[in-house]
Amino acid sequence: MMTVIGLTGGIASGKSTVAKFLAEHGFVVVDADIASRKAVAPGSTGLAEIKTVFGEKVIQEDGTLDRKALGEIIFNDPSERAKLNAIVHPLVRDIMEVEKNAGLTQGKVVVMDIPLLFENKLEHTVDEVWVVYVPETIQIERLMARNHLTIDEAISRIKSQISIEEKKQKADKVIDNSGSLEELYTQLNCLVQPYK
């Protein structure tokens with residue numbers, strides 16, 4: 001069974017924990033965040049284009065991307081975010097496509113771990129969509145704790161994505177991660193059985 005699963009969720013919903021579980025259970029996980037880092041690594045065309053568009057202020061002394069400086073520019077300005085996406089998304093898609101095809105060639109179930117799956121209208125590129133869900137109140141709490149953000153900063157980051165409730169409605173399968181880790185693993189064990 002050749003299957004490509006799109007794994008998504010809201011920021012701070014626990015998607016990385018789910019992806020790690022799936023990788024440990026024989027799924028090939030293709031991670032958009034890792035692909036994004038490769039796309040803007042030192043010496044890459046992606047980083048050179050970002051420097052041209054956003055200037056030296058987003059490049060650190062060691063030649064790497066200053067994610068914090070870039071984040072401050074794009075998080076509250078949709079037009080700046082669109083400029084960044086136009087540079088990075090095509091590069092990320094190419095990297096992920098190569099990794100996906102390698103997994104399918106091995107006869108594995110491939111999980112495309114894409115935080116902005118719905119935002120970038122990529123649901124048609126996968127066979128089914130799994131959404132890792134937590135209520136927005138939990139997202140805010142976790143994001144503030146994890147990234148040391150104020151409540152306003154946390155809400156601003158959450159609002160830069162489609163709401164978790166809307167993602168839940170669009171999902172083929174919903175993984176509820178508002179309980180304990182044990183409860184999450186119990187759900188996942190049931191979910192992966194048909195794919196083994």
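As the structure is a computational prediction, the values presented were derived from the model and not from experiment.
- Cluster annotation: Ile114 is not connected to Ile34 through the hydrophobic network of ILVMFWY side chains, with a link wherever side-chain heavy atoms come within less than 4.5 Å.
- Nearest heavy-atom pair across Val134 and Ser178 is CG1-N, 3.8 Å.
- Aromatic ring centroids of Tyr195 and Trp130 lie under 6.0 Å apart.
- Hydrophobic clustering keeps Val98 apart from Leu91 (ILVMFWY residues linked when any side-chain heavy atoms are closer than 4.5 Å, directly or through intermediates).
- Side-chain atoms of Gln161 and Leu116, non-hydrogen and from C-beta on, do get closer than 4.5 Å to each other.
- Atoms CG and CG, from Leu188 and Leu22 in turn, are 6.0 Å apart once rounded to the nearest 0.5 Å.
- Asn177 places a side-chain heavy atom less than 4.5 Å from the side chain of Arg142.
- Within the 4.5 Å cutoff, the side chain of Lys20 has no heavy atoms near those of the Thr17 side chain.
- When all heavy atoms are compared, the tightest approach of Lys100 to Val110 is O-CG2, 3.8 Å.
- At distances below 3.5 Å, not a single donor-acceptor pair connects side-chain atoms of Glu128 with backbone N or O atoms of Lys173.
- Closest approach of Val132 and Val18 over heavy atoms only: CG2-CG2, 3.8 Å.
- Within the 4.5 Å cutoff, no side-chain heavy atoms of Met112 are placed close to those of Leu7.
- Between atom OH of residue Tyr185 and atom OG of residue Ser180 there is a gap of 10.5 Å, rounded to the nearest 0.5 Å.
- Side-chain contact check for Lys38 versus Ser44: every heavy-atom pair is 4.5 Å or farther apart.
- Among all heavy-atom pairs drawn from Gly10 and Ile164, the shortest one is N-CD1, 3.1 Å.
- Salt bridge absent: Glu72 and Lys57 never bring a charged side-chain N and a carboxylate O closer than 4.0 Å.
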Test salt bridge (charged side-chain N to carboxylate O under 4.0 Å, His left out) applied to Lys167 and Glu119, step by step: CA-CA 10 Å; Lys167 288 181 180 184; Glu119 289 82 351; 3.1 Å; yes
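- Cluster annotation: Leu84 is not connected to Phe75 through the hydrophobic network of ILVMFWY side chains, with a link wherever side-chain heavy atoms come within less than 4.5 Å.
- Residues Ile5 and Asp127 form no side-chain contact, since every pair of their non-hydrogen atoms from C-beta on lies 4.5 Å or further apart.
- Residues Ser79 and Asp77 bring a donor and an acceptor atom of their side chains to less than 3.5 Å of each other.
- In this structure, the side chains of Arg93 and Glu97 stay at 4.5 Å or more apart for every pair of heavy atoms.
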Test side-chain contact (heavy atoms from CB on, under 4.5 Å) applied to His25 and Asn189, step by step: CA-CA 9 Å; His25 286 74; Asn189 275 317; 4.0 Å; yes
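- Closest of all the heavy-atom pairs between Val126 and Val129 is CG2-CG2, 3.9 Å.
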Evaluation steps, side-chain contact (heavy atoms from CB on, under 4.5 Å), between Met96 and Val92: CA-CA 6 Å; Met96 293 182 75; Val92 171; 3.7 Å; yes
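- Looking only at side-chain heavy atoms (C-beta outward), Leu191 and Ile175 come within less than 4.5 Å of each other.
- In plain terms, the two heavy atoms of Val174 and Ala171 that are nearest each other are CG2-CB, 3.8 Å.
- Linking ILVMFWY side-chain heavy atoms closer than 4.5 Å, directly or via other members, places Ile50 and Ile95 in two distinct hydrophobic clusters.
- The 12-atom threshold is exceeded at CD of Gln193, counting heavy atoms of other residues, nucleotides or ligands nearer than 6.0 Å.
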Test log, rule side-chain contact (heavy atoms from CB on, under 4.5 Å), inputs Lys15 and Asp113: CA-CA 8 Å; Lys15 191 175 54 54; Asp113 179 350; 2.5 Å; yes
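- Atom CD1 of Ile138 sits about 11.0 Å away from atom OG of Ser13, to the nearest 0.5 Å.
- With hydrogens and angles ignored, the 3.5 Å screen pairs no side-chain donor or acceptor of Thr64 with any backbone N or O of Gln60.
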Test side-chain contact (heavy atoms from CB on, under 4.5 Å) applied to Leu47 and Ile59, step by step: CA-CA 9 Å; Leu47 188 62; Ile59 308 296; 3.7 Å; yes
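- Ion pairing of Lys170 with Glu166 is present here, as a side-chain N (NZ or NE/NH1/NH2) and a carboxylate O approach within less than 4.0 Å.
- Residue Leu149 shares its hydrophobic cluster (ILVMFWY side chains chained together at separations under 4.5 Å) with Ile11, Ile140, Leu143, Met144, Ile151, Ile155, Ile158.
- In this structure, CG in Asn120 is found 9.5 Å from CD in Glu123, a value given to the nearest 0.5 Å.
- From Asp66, atom CG reaches atom CD of Glu56 across 12.0 Å, with rounding to the nearest 0.5 Å.
- The distance from atom CG of Asp31 to atom OG of Ser36, rounded to the nearest 0.5 Å, is 8.0 Å.
- With Tyr133 as the aromatic partner, Lys168 meets the cation-pi criteria of under 6.0 angstrom to the ring centre and within 45 degrees of the ring axis.
- Ile73 and Val88 fall within a single hydrophobic cluster, where Ile, Leu, Val, Met, Phe, Trp and Tyr side chains are chained together by heavy-atom contacts under 4.5 Å.
- Remark: Glu136 engages Lys159 in a salt bridge, criterion side-chain N to carboxylate O under 4.0 Å.
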